[in-house]
Number of protein chains: 2
Amino acid sequence: MTTEQSKSDISRARILDAAAKTFRQKGYAATTLIEIARAADMQAGSLYYHFGSKDELLEEVLDIGMRRVHEAVEESQEHLPPGSSHRDRIRAAVEAHLTTLLKLDDYTSANIRIFGQIPEDVRRRHIKLRNAYAELWRRILAKAQKSRALRSDIDLGLVRMLLMGALNWSVEWNQPGRTSIQTMADYMCLMLFSGIGIDEPARNSEDETVA
Amino acid sequence: MTTEQSKSDISRARILDAAAKTFRQKGYAATTLIEIARAADMQAGSLYYHFGSKDELLEEVLDIGMRRVHEAVEESQEHLPPGSSHRDRIRAAVEAHLTTLLKLDDYTSANIRIFGQIPEDVRRRHIKLRNAYAELWRRILAKAQKSRALRSDIDLGLVRMLLMGALNWSVEWNQPGRTSIQTMADYMCLMLFSGIGIDEPARNSEDETVA
DNA sequence: CATTTTTTCTAACACTAGTTCGATTTTAAA
DNA sequence: TTTAAAATCGAACTAGTGTTAGAAAAAATG
């Protein structure tokens, strides 16, 4: 009983890690307890000493993943240098979200990837954490809008959905080492704040190089 | 042999529809042939008269879904009013993508939702269509950039990923009748071209209403 | 109407999943 | 070292899966 509580807790953590990793890779239904057990250096039956069922294990993985992004983004807002602009705040939130999602956190990425495949009752119990996280973003964006950092004539709910989509989808294509999280956050914020368009010169009937 | 070829083709289509619908709802591994058969008013064993295996059925659903978005976006580019700006072109592509994805096309939405869960060899065979679709978008964006409708100093690959993410993620949250596809496309293009930021007044040290 | 082909059903098979539980090992306490 | 508790194993059970193949029904053909 030095660092953690006991061998039980260590095994528990090992199982959860293995589960998160496997769930993220293969999805929920396709992941077998045998695989999880193997990844945790155990026998499938032994898992039941720590968890009552596959769904219970799933639920804990999901909860942990969601709490981690939530905490990461929350901390990003608290640890900002004084006098930071609202753009800085949002940029920090974006970066925190992406970092948690893509950098060595199987829990969060598993959560994002498999949320659409989980059993009804697990979803019902987990949804509260999801809503709480959504509320955090709602606050961040609303505050920026109120302070005139974001246009006042827009529906922030829709913007938030599109934003989350752009960020979350990165778990599907991001390959570690290809594009840095900073760059991704830069581009995301560029699109959010300024866009990448150039005012087009009146009309263009010069070149019709279409298919 | 009037409209389609025979009863076989009708049943085939009915099975594919049922499969697309069920795959979209429950995911790949969690979907059983019994469910698909029931949704198609058949017995599970009868499916094998039309398809050699579950994976073969899956593959066809995926392919159809991808071809449909591809064709829809391609047509959107051909049916543009003459003299359309590049913003108009992109906007049309966005709308076509969203429409196919959200409006009564279980094939495309199934494709987007379950792509991350499919068996390796199915993916390997399907990936070509995915790449072809990506190439279509690459062309559209590159053309806009070359014509100075988009900033020339940006990585279009990354922009495309974020854009696709924002659009694709809508299958996870969109509820029919809540937000119109037009509105979604409007907001997406607004963010892409202009952003929703307002130039902040120098510095803000007035109110520190942070948590 | 008879007969052949096409399509579907039915029942079974092989296999794998999640789960259970008594035996066994490991760990901690006395 | 002895002993009790904690943790894991291992083998079995049940349920449900994808799949097969021969029987039955439906449709098409002569």
Side-chain angles (χ1 to χ4, degrees), chain A residues 1-23 25-62 110 114 117-123, chain B residues 1-23 25-62 110 114 117-123:
Chain A
M1 50 180 84
T2 48
T3 48
E4 302 204 340
Q5 228 179 32
S6 177
K7 179 174 188 183
S8 179
D9 288 354
I10 296 176
S11 294
R12 222 183 124 83
R14 191 155 37 99
I15 294 171
L16 284 169
D17 284 351
K21 186 179 196 167
T22 317
F23 280 147
Q25 283 176 193
K26 309 214 167 191
Y28 166 65
T31 291
T32 152
L33 290 184
I34 296 175
E35 287 175 302
I36 296 179
R38 190 182 319 148
D41 274 311
M42 295 184 83
Q43 291 300 106
S46 307
L47 300 178
Y48 284 81
Y49 180 79
H50 301 277
F51 299 93
S53 69
K54 188 188 179 184
D55 280 9
E56 212 174 277
L57 182 50
L58 166 70
E59 202 170 328
E60 196 147 337
V61 169
L62 290 175
I114 73 181
Q117 329 167 18
I118 66 181
E120 182 53 32
D121 53 314
V122 177
R123 166 182 283 112
Chain B
M1 49 180 85
T2 49
T3 48
E4 303 205 337
Q5 228 178 32
S6 177
K7 180 175 187 183
S8 180
D9 288 355
I10 295 176
S11 295
R12 222 184 124 84
R14 191 154 38 96
I15 294 172
L16 283 168
D17 284 351
K21 187 179 195 167
T22 318
F23 281 146
Q25 282 175 192
K26 310 216 166 187
Y28 167 64
T31 292
T32 152
L33 290 184
I34 298 175
E35 287 175 301
I36 296 179
R38 190 183 318 148
D41 273 312
M42 295 183 82
Q43 291 301 107
S46 309
L47 301 179
Y48 283 82
Y49 180 78
H50 302 276
F51 299 93
S53 69
K54 188 187 180 185
D55 281 8
E56 211 174 279
L57 182 49
L58 166 69
E59 201 169 328
E60 196 148 339
V61 168
L62 291 174
I114 72 181
Q117 330 167 18
I118 67 181
E120 182 54 31
D121 53 316
V122 177
R123 167 181 283 111

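Here is the naming used below: chain letters follow the sequence lines, and residue numbers restart at 1 for every chain. Please read all numbers here as calculations on a predicted model, not as lab measurements.
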Taking only heavy atoms on the protein side, list every residue of residues 36-45 of chain B lying under 4.0 Å from any atom of DNA chain C, sorted numerically.
B:M42, B:Q43, B:G45

Residue pair B:Y28 / B:D55, side-chain heavy-atom distance below 4.5 Å:
yes

Answer yes when A:E60 and A:R12 have at least one side-chain N-carboxylate O distance shorter than 4.0 Å, and no when they do not.
yes

Whole angstrom is fine here: how far is it from CG in B:L57 over to C1' in D:dT19?
14 Å

What is the distance, rounded to the nearest whole Å, between atom CZ of B:R12 and atom C1' of C:dT8?
16 Å

May I have the distance from A:K54 (atom NZ) to C:dT20 (atom P), rounded to whole angstrom?
15 Å

Which nucleotide, C:dG18, D:dT19, D:dT8, lies nearest any side-chain atom of A:H50?
D:dT8

A:L33 CG - C:dG18 P separation (whole Å)
4 Å

For the residue pair A:A39 and A:T22, what are the closest heavy atoms and their distance?
CB-OG1, 4.5 Å

Whole Å only: how far is the CD1 atom of A:I10 from the P atom of D:dA7?
10 Å

Under 4.0 Å from OP1 or OP2 of C:dC9: is there any side-chain N or O of B:S46 that close?
yes

For the helix from C:dC1-D:dG30 to C:dA30-D:dT1, figure out the bend between the end axes, five pairs an end, and round to 10 degrees.
10°

Given D:dA6, C:dT8, C:dG18, the nucleotide with the shortest approach to the side chain of B:Y49:
C:dT8

Specify the closest pair of heavy atoms between A:Q117 and A:A29, including all atoms of both residues, with the distance to one decimal.
OE1-N, 4.4 Å

Spell out, as yes or no, whether a donor-acceptor pair under 3.5 Å connects the side chain of B:E56 to the backbone of B:G52.
yes

Without decimals, in angstroms, what is the distance between B:L47 CG and D:dT17 C1'?
13 Å

Of all heavy-atom pairs between A:Y48 and A:S53, which one has the smallest distance, and what is that distance?
CE2-CA, 4.0 Å

Any sub-3.5 Å donor-acceptor pair from A:S46's side-chain atoms to A:M42's backbone N or O?
no

Considering only C:dA17, C:dT7, D:dT17, which nucleotide approaches the side chain of B:T32 most closely?
D:dT17

In whole angstroms, how far is the C1' atom of D:dT17 from the CG atom of B:L58?
16 Å

Identify the heavy atoms of A:D41 and A:R14 that sit nearest to each other, and give their distance.
CB-NH1, 3.8 Å

Quick one: which of C:dT7, D:dT20, C:dG18 gets closest to the side chain of B:Y48?
D:dT20

Salt bridge between A:K54 and A:E59, side-chain N to carboxylate O under 4.0 Å?
no

